[in-house]
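One structure below.
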Amino acid sequence: MATYDLTPRIGPSLDRHLVFPLLEFLQERQLYPDEQILKAKIELLNKTNMVDYAMDIHKSLYHTDDVPQDMVERRVEVVARLKALEDAAAPLVTFLQNPNAVQELRADKQYNLQMLNDRYQIGPDQIEALYQYAKFQFECGNYSGAADYLYQYRALCTNSERSLSALWGKLAAEILMQNWDIALEELNRLKEIIDSKSFSSPLNQVQSRIWLMHWSLFIFFNHDNGRTQIIDLFNQDKYLNAIQTSAPHLLRYLATAFIVNKRRRPQFKEFIKVIQQDQCSYKDPITEFLACVYVNYEFDGAQKKMKECEEVILNDPFLGKRVEEGSFSTVPLKDEFLENARLFIFETYCRIHQRIDMG
């Protein structure tokens, strides 16, 4: 089933911290040898400041209590840098922790900057230090602290590029803390900026849309209303074009959303054309199932594909989310998918035959 694992294709469009939940899932499902997953985790961690976590994984990978000297030195370096950033950001952090002082802030950013400078001697350097401190907190795995500081930084920041970068960081932190409602708000905020901002090249805008869609998978397959909203986002022309040209593997998630969505929309017919057009660039059992039912009318083929779809769902980090019920664990999306898939076959079969053998 590793053949259908999309992690290698999804990973490059995610922040490296967002790849950890995917690796955890793959480790749990045992799709790859444990050693391979642990090595991938260490490789990811080496570019973050989560040194203690990297040390723990190194110990379990090599069955030892010793850790390499460069890890020990890196830890000393990280702690020293964190302390330095904490000191640099301290005046602004102290101000933000004082509820009475914060009440003096207004919606007007220029007023706020002037007031902070005049009354609290807090200038651009301290505001920049808050950004660096928040980013460092994120790299250390303190997502809660990072989210708070990035939110406060955006309220004071006048540089639109920096503000956008802080919003991406805030979105990642909310996803990693599984705050799905807040994450959805940040996602929509980011989408508005991406759609309205003038980019240096159209390619950069397409790239931002692709990142946004990849990050949104965490939210849409965990949020109560996510399966409707993924259709609303992915099926918009600009986003669907981006999928077709640069990320056709995302068709798996849009196809799944269409199948499990009870109110199948008018867009569904158009989507089948997309599946038909893109069979050369991407296919997996889920897209092939739709092609069997709606393009080729191969009902036996569709039945076979359903078995494969079940495996794909169980081994996909977004679709295969488990829910514990007492001593049982179920994958709700799998049951919904299979029930609706059978209905698709039955409806289409009835539509194209004048008579049916009830048996």
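For the numbers below, each heavy atom of this structure counts, side chains included, while hydrogens, waters and symmetry mates do not. Position 1 is the first residue of the sequence; numbering continues from there.
Of the N and O atoms on the side chains of D34 and Q27, at least one donor lies less than 3.5 Å from an acceptor on the other residue. Side-chain contact check for R74 and N49: at least one donor-acceptor pair (N or O, by modelled atom type) lies under 3.5 Å. There is a side-chain donor-acceptor pair under 3.5 Å between Y253 and D316. In summary, the side chains of Y120 and E104 do present a donor paired with an acceptor at a separation below 3.5 Å, with no hydrogens or angles considered. D148 and Y153 are not linked by any side-chain donor-acceptor pair at a separation below 3.5 angstrom, with hydrogens and angles left out of the test. In the model, N261 has no side-chain atom that pairs as donor or acceptor with a side-chain atom of R227 under 3.5 Å. With no hydrogens or angles considered, a side-chain donor-acceptor pair links Q114 and D118 at under 3.5 Å.
The NZ atom of K273 sits 14.0 Å away from the CG atom of D278 when rounded to the nearest 0.5 Å. To the nearest 0.5 Å, atom CG of residue N98 and atom OG1 of residue T94 are 9.0 Å apart. Taking OG1 of T48 as the reference point, atom CG of D15 lies at 10.0 Å (rounded to 0.5 Å). If you take NE2 on H17 and NZ on K47, they are separated by 12.0 Å, rounding to the nearest 0.5 Å. Atom-to-atom distance recorded for I230:CD1 and F318:CZ is 9.5 Å, nearest 0.5 angstrom. The distance from atom CG of N188 to atom CD1 of I193, rounded to the nearest 0.5 Å, is 11.5 Å.
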Only distances under 3.5 Å count here; give the side-chain donor-acceptor pairs of residues 126-138 to other protein atoms, sequence neighbours excluded, each with its distance to 0.1 Å.
{"unit_1": "Q126", "atom_1": "OE1", "unit_2": "G123", "atom_2": "N", "d": "2.8"}
{"unit_1": "E128", "atom_1": "OE1", "unit_2": "R162", "atom_2": "NH1", "d": "2.5"}
{"unit_1": "E128", "atom_1": "OE2", "unit_2": "Q132", "atom_2": "NE2", "d": "2.8"}
{"unit_1": "E128", "atom_1": "OE2", "unit_2": "R162", "atom_2": "NH1", "d": "2.8"}
{"unit_1": "Y131", "atom_1": "OH", "unit_2": "S165", "atom_2": "OG", "d": "2.7"}
{"unit_1": "Y133", "atom_1": "OH", "unit_2": "Q137", "atom_2": "NE2", "d": "2.9"}
{"unit_1": "Q137", "atom_1": "OE1", "unit_2": "N142", "atom_2": "ND2", "d": "2.7"}

Going by atom type alone, with no hydrogens or angles, which donor-acceptor pairs under 3.5 Å involve a side-chain atom of residues 210-221 and a protein atom two or more places apart or on another chain?
{"unit_1": "H214", "atom_1": "ND1", "unit_2": "I210", "atom_2": "O", "d": "2.8"}
{"unit_1": "H214", "atom_1": "NE2", "unit_2": "H249", "atom_2": "NE2", "d": "2.9"}
{"unit_1": "W215", "atom_1": "NE1", "unit_2": "S13", "atom_2": "O", "d": "2.9"}
{"unit_1": "S216", "atom_1": "OG", "unit_2": "M213", "atom_2": "O", "d": "2.6"}

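A ring-centre distance under 6.0 Å is not found for F234 and Y239.
Judged by distance alone, with hydrogens and angles left aside, the side-chain atoms of S60 form a donor-acceptor pair with the main-chain N or O of I57 at under 3.5 Å. In this structure, the side chain of H353 does not engage the main chain of R355 through any donor-acceptor pair within 3.5 Å. Judged purely by atom type and a 3.5 angstrom limit, R154 uses its side chain to pair as donor or acceptor with the backbone of S163. Of the possible polar contacts, one joining the D108 side chain to the Q110 backbone as a donor-acceptor pair under 3.5 Å is found. The main-chain N or O of Q103 is never found under 3.5 Å from a side-chain atom of N100 such that the two would form a donor-acceptor pair. N315 places a side-chain N or O within 3.5 Å of a backbone atom of E311 that can act as its donor or acceptor partner. A donor-acceptor pair under 3.5 Å is formed between the side chain of T256 and the backbone N or O of R252.
With a 4.5 Å cut-off on side-chain heavy atoms, K321 and L333 do not count as touching. Contact of the Q229 side chain with the L184 side chain is registered, since non-hydrogen atoms from C-beta on lie closer than 4.5 Å. Inter-residue side-chain proximity for K41 and E24 is flagged as met; some heavy-atom pair is nearer than 4.5 Å. N222 is not listed as a side-chain neighbour of Q178, based on a closest heavy-atom distance of 4.5 Å or more. No side-chain heavy atom of Q205 sits under 4.5 Å from any side-chain heavy atom of K238. Between Y282 and R9, the closest side-chain pair of non-hydrogen atoms falls below 4.5 Å. Residues L156 and L105 are in side-chain contact: their nearest non-hydrogen atoms beyond the backbone lie under 4.5 Å apart. Counting heavy atoms from C-beta on, the side chains of I286 and L319 come closer than 4.5 Å.
Under the 4.0 Å criterion applied to side-chain N and carboxylate O atoms, E186 and R189 are assigned as salt-bridge partners. We find that E310 and K307 are not joined by a salt bridge, their nearest charged nitrogen and carboxylate oxygen being 4.0 Å or further apart. Salt bridge status for K191 with D195: present, with a side-chain N to carboxylate O gap under 4.0 Å.
Every residue was checked against the ring-ring contact (aromatic ring centres under 6.0 Å, His included) condition with H63, not counting sequence neighbours, and none meets it.
Ring-plane geometry between Y294 and F344 is classed as perpendicular, the angle between the planes exceeding 60 degrees on a 0 to 90 degree scale with a lower cut at 30. Between H58 and Y62, the ring-plane angle classifies as tilted under the 30° and 60° cut-offs.
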Assess the residue pair F258 and L254 against the criterion (side chain to side chain contact (heavy atoms under 4.5 Å, CB included)); give the C-alpha distance rounded to whole Å, side-chain angles, the decisive distance to 0.1 Å, and a yes or no.
CA-CA 6 Å; F258 269 121; L254 186 50; 3.9 Å; yes
Step-by-step side chain to side chain contact (heavy atoms under 4.5 Å, CB included) determination, C309 to F337:
CA-CA 9 Å; C309 288; F337 181 96; 3.6 Å; yes
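At a threshold of 4.5 Å between side-chain heavy atoms, the hydrophobic network of Ile, Leu, Val, Met, Phe, Trp and Tyr places Y4 and Y32 in one connected group.
No more than 12 heavy atoms of other residues, nucleotides or ligands shown are found within 6.0 angstrom of CD on E192. Around CD of E324, the count of heavy atoms belonging to other residues, nucleotides or ligands within 6.0 Å exceeds 12.
Across F25 and L314, no two heavy atoms sit closer than the pair CZ-O, 3.4 Å. Across all non-hydrogen atoms, the minimal contact from S208 to W168 is O-CH2, 3.8 Å. Closest approach of R322 to S329, counting heavy atoms only: NH1-OG, 3.0 Å. Between A291 and Q279, the closest heavy-atom pair is CB-NE2, 3.1 Å. Listed here is the closest heavy atom pair of E43 and R16: O-NH1, 4.3 Å. Of all the heavy atoms in L150 and K170, the pair that sits closest is CD1-N, 3.6 Å.
Both cation-pi conditions hold for K197 and F199: the charged atom is under 6.0 angstrom from the six-membered ring centre and inside a 45 degree cone around its axis.
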